[in-house]
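Shown next, in structure tokens, is the structure this report addresses.
Because the structure is predicted, anything quoted here is derived from the model rather than measured. Chain letters run A, B, ... following the sequence lines, proteins first and then strands; every chain starts at 1.
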Protein chains: 2
Amino acid sequence: MPARTPRPGVPVRGSASGRPVMAALDLLGRRWTLRILWELHQAPAGFRELQRRCERMSSSVLSARLGELTDSRLIALHADGYRLTALGGDLVDALRPLDSWSHRWAAETDPGPSR
Amino acid sequence: MPARTPRPGVPVRGSASGRPVMAALDLLGRRWTLRILWELHQAPAGFRELQRRCERMSSSVLSARLGELTDSRLIALHADGYRLTALGGDLVDALRPLDSWSHRWAAETDPGPSR
DNA sequence: CATAGTGCTTCTAAAACAGAAGCAAGGAGA
DNA sequence: TCTCCTTGCTTCTGTTTTAGAAGCACTATG
């Protein structure tokens, strides 16, 4: 049984409280979810283009994530591909400081050999 | 082979670009990572308390995440438990708007039967 | 009619995760 | 010293999630 789409107000994986932020953390803490939102914020894209942009992410997972995000009304499919809804756009706006943070992180991270 | 800790400047899962934000999205898009940061922002906690707060999350995964976050210098272990570093605190600050967004999301989400 | 593009499903194998058990180290108390 | 308890953390087995190739139904274009 696949994990169901988290929604505010009901228990999610790791929290029975129903607190909205817990649902958000469950939803966003699934592989590719943050990345998909990020990509759609750069520009709308169809299924296959999204797959290309994320370096050939698995189609089965992409399909699952698109379903969850659509259920959650963060994205919607239009004639020109998937686009963020107003709600989804707000979420990415809320995440925008992440980009500038990541540069600070990079600046403070020793770029030596990996690991 | 376990996935290695993402770091800015080197390729990560789904992106060979080395762009810092891609490393951040890979790191944060792993189960429990966002939640752990969130919890530590509420208050520092030791291993077992963290496990309790996240409703008995698997100890093996908790251990892996703590290792990744420590490697990434977002958290550090002190006498009173794990705490966010300055860098980690900045990240959670960057994520703070997520909480208010989640309330808007809840307000616009029909609280009917799940799925 | 062929060709190529789309969104998306199905399948098998690999990776990640869940959860119970337990280990080594460090107190606190007797 | 000898329990007793707590800590961070590992190891193990079984389940869930993800990867990746293949392919289906549909639309458009030639």
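Two residues are said to be in side-chain contact when any heavy atoms from C-beta on lie closer than 4.5 Å; B:Asp26 and B:Ser15 fail this criterion. Residues A:Arg13 and A:Arg30 form a side-chain contact, since some pair of their non-hydrogen atoms from C-beta on lies under 4.5 Å apart. A:Leu66 has its side chain within reach of A:Leu50: a pair of non-hydrogen atoms, C-beta onward, lies under 4.5 Å apart. Within the 4.5 Å cutoff, side-chain heavy atoms of B:Trp38 are placed close to those of B:Asp99.
Nearer the 5' end of DNA chain C, as judged by each residue's closest nucleotide, is the contact made by A:Ser63, out of A:Ser63 and B:Arg56.
Look at CZ on A:Arg30: it is 13 Å from P on C:dC17, rounded to the nearest Å. Across the protein-nucleic acid pair, A:Leu50 atom CG and C:dG5 atom P stand 18 Å apart, rounded to whole Å. For the pair A:Leu66 CG and D:dT18 C1', the interatomic distance rounds to 15 Å; values are reported in whole Å. Taking atom CD on B:Gln51 and atom C1' on C:dG22, their separation rounds to 14 Å, with Å as the unit. Residue A:Arg13 contributes atom CZ, which lies 13 Å from atom C1' of D:dT15 at whole-angstrom precision. Following rounding to the nearest Å, A:His78 (NE2) and C:dG7 (P) show an atom-to-atom distance of 14 Å. B:Arg65 has its CZ atom 15 Å from the P atom of D:dC9, to the nearest Å. In this structure, CE of A:Met57 is placed 9 Å from P of D:dA19, rounded to the nearest angstrom.
Each of D:dG20, C:dC8, C:dT6 was ranked by its minimum atom distance to the side chain of A:Tyr82; first place goes to C:dC8. In the set D:dT17, C:dA16, D:dC9, the nucleotide with an atom closest to the side chain of B:Ala3 is C:dA16.
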Quick one: do A:Glu39 and A:Arg35 satisfy salt bridge (charged side-chain N to carboxylate O under 4.0 Å, His left out)? Show the steps, please.
CA-CA 6 Å; A:Glu39 288 296 335; A:Arg35 175 68 180 272; 3.0 Å; yes
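At distances below 3.5 Å, at least one donor-acceptor pair connects side-chain atoms of A:Trp101 with backbone N or O atoms of B:Leu87.
Neither A:Leu74 nor A:Val10 shares a network with the other; the hydrophobic side chains, linked directly or stepwise wherever heavy atoms of I, L, V, M, F, W or Y lie under 4.5 Å apart, form separate groups for each.
For D:dA21, its base sits under 3.5 Å from the side chain of A:Ser59 at one donor and acceptor pair at least. Residue-to-nucleotide contacts include a donor-acceptor pair under 3.5 Å from the side chain of A:Arg48 to the base of C:dG7. The base of D:dG20 lies close enough to the side chain of A:Ser60 for a donor and an acceptor atom to sit less than 3.5 Å apart.
Residues from residues 31-43 of chain A placing a heavy atom under 4.0 Å of any atom in DNA chain D, listed by number, are A:Arg31, A:Trp32.
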